[in-house]
Protein chains: 2
Amino acid sequence: MNVREQPVSETLMPPPDVNRAECPSRLVLEHVTSRWGVLVLAALLERSYRFSELRRQVGGVSEKMLAQTLQALERDGFVHRDAKPVIPPRVDYSLTPMGHEVAEQVWTLSRWVESRLDDVFEARETYDGARES
Amino acid sequence: MNVREQPVSETLMPPPDVNRAECPSRLVLEHVTSRWGVLVLAALLERSYRFSELRRQVGGVSEKMLAQTLQALERDGFVHRDAKPVIPPRVDYSLTPMGHEVAEQVWTLSRWVESRLDDVFEARETYDGARES
DNA sequence: ACAGTAACTTACTTCAAGGTGGGTACTTAC
DNA sequence: GTAAGTACCCACCTTGAAGTAAGTTACTGT
């Protein structure tokens with residue numbers, strides 16, 4: 001048979017497929033499409049932000065959720081954290097090249113949703129109207 | 001002053017902005033970026049599905065969540081539901097023109113995440129390695 | 001001496017997401 | 001006759017996501 005050995009892992013893992021429940025790409029997708037993940041990425045596309053600036057920009061995030069979201073995005077390699085060793089602390093958040101790619105997508109999506117809001121409202125009225133008995 | 005009356009609503013509503021906590025576009029965005037919403041839309045982009053086909057296609061969805069997700073997407077005007085009055089019941093789900101537009105975006109996003117999985121893993125190793133004490 | 005500040009962390013609590021298992025109504029296949 | 005498929009709905013319960021509020025650090029300004 002002369003099959004070459006797997007170069008990276010002994011246990012050969014299946015190709016990524018979000019339709020499989022166990023596929024790790026689902027978790028990554030959930031990080032970027034999470035409630036605050038989308039908004040943080042989209043915000044960082046426009047410019048880099050400090051923690052509290054970002055908190056003001058993204059309406060309604062608690063400190064806890066912002067920190068949590070940023071950590072997940074940093075760990076996945078989408079966000080770069082630059083903590084200056086000064087007092088009071090100053091931490092700048094920006095997108096990595098890879099983060100920039102996702103951010104563009106979620107930014108576009110956000111804008112698209114905003115632009116189609118009226119159509120959604122109309123659809124809802126039709127839907128709700130049809131099932132009132 | 002001679003200000004013209006608002007043609008649609010008395011209470012003039014601010015333009016859609018996902019960065020505002022109360023903006024209704026956030027809810028719509030959450031429907032399409034929800035855990036199952038993304039996967040359902042992406043699946044329906046390839047072809048229309050019956051309920052149980054879709055359940056088989058999207059690994060790990062419960063009946064309850066699939067029904068709930070489809071209802072939200074239908075109400076927002078992204079998914080079209082076609083129930084044939086036959087026995088056993090047959091219901092076909094497909095994308096509306098508007099749904100097709102979002103679905104393309106989340107499909108692209110899903111595929112992008114799958115393709116960048118290795119980079120994410122690498123970033124995680126770097127991140128985790130840096131903070132082990 | 002004491003308040004203020006930035007970027008968190010931690011503990012506690014609340015609420016929604018989600019899973020499980022039941023039922024339904026009818027038909028076809030075994 | 002009974003099991004399985006179909007597309008659900010409903011009630012119950014668990015888990016996890018998220019909010020609230022307080023504590024932490026180390027320095028600066030008054």
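Side-chain atoms are counted along with the backbone in the values below, which use heavy atoms only and exclude waters and symmetry mates. Each chain gets a letter, A, B and so on, in the order the sequences are listed, and its residues count up from 1.
Residue S25(A) comes nearest to P16(A) through the heavy atom pair OG-CB, 4.5 Å, listed as atom of the first residue, atom of the second, then distance.
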Pairs under 3.5 angstrom only: tabulate donor-acceptor contacts from the side chains of residues 35-50 of chain A to other protein residues two or more places apart or in another chain.
none

All N/O donor-acceptor pairs, side-chain side in residues 61-69 of chain A, below 3.5 Å, sequence neighbours left out:
{"residue": "S62(A)", "atom": "OG", "partner": "M65(A)", "partner atom": "N", "Å": "3.2"}
{"residue": "T69(A)", "atom": "OG1", "partner": "M65(A)", "partner atom": "O", "Å": "2.7"}

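Protein chain B touches strand DNA chain D; the 5'-most and 3'-most nucleotides with an atom under 4.0 angstrom of its non-hydrogen atoms are dG5(D) to dC9(D).
Other residues, nucleotides and ligands contribute over 12 non-hydrogen atoms within 6.0 Å of the CD atom of E53(B).
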Assess whether side-chain contact (heavy atoms from CB on, under 4.5 Å) is satisfied between M98(B) and V120(A), documenting all intermediate values.
-> CA-CA 9 Å; M98(B) 185 165 71; V120(A) 171; 4.0 Å; yes
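The salt bridge (charged side-chain N to carboxylate O under 4.0 Å, His left out) contacts involving residues 88-100 of chain A comprise K84(A)-D92(A), R90(A)-D92(A), where partners must be two or more places apart or lie in separate chains. A salt bridge (charged side-chain N to carboxylate O under 4.0 Å, His left out) check over residues 97-110 of chain B, counting only residues at least two apart or in different chains, returns the pairs R116(A)-E101(B).
Y127(B) and L117(B) fall into different hydrophobic clusters, where Ile, Leu, Val, Met, Phe, Trp and Tyr side chains are chained together by heavy-atom contacts under 4.5 Å.
Atom CG of L66(B) is separated from atom P of dG19(C) by 11 Å (rounded to the nearest Å).
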Protein-proximity profile, nucleotides 4-10 of chain C, B/S/- by nucleotide at the 4.0 Å heavy-atom cutoff, equals -BBSBS-
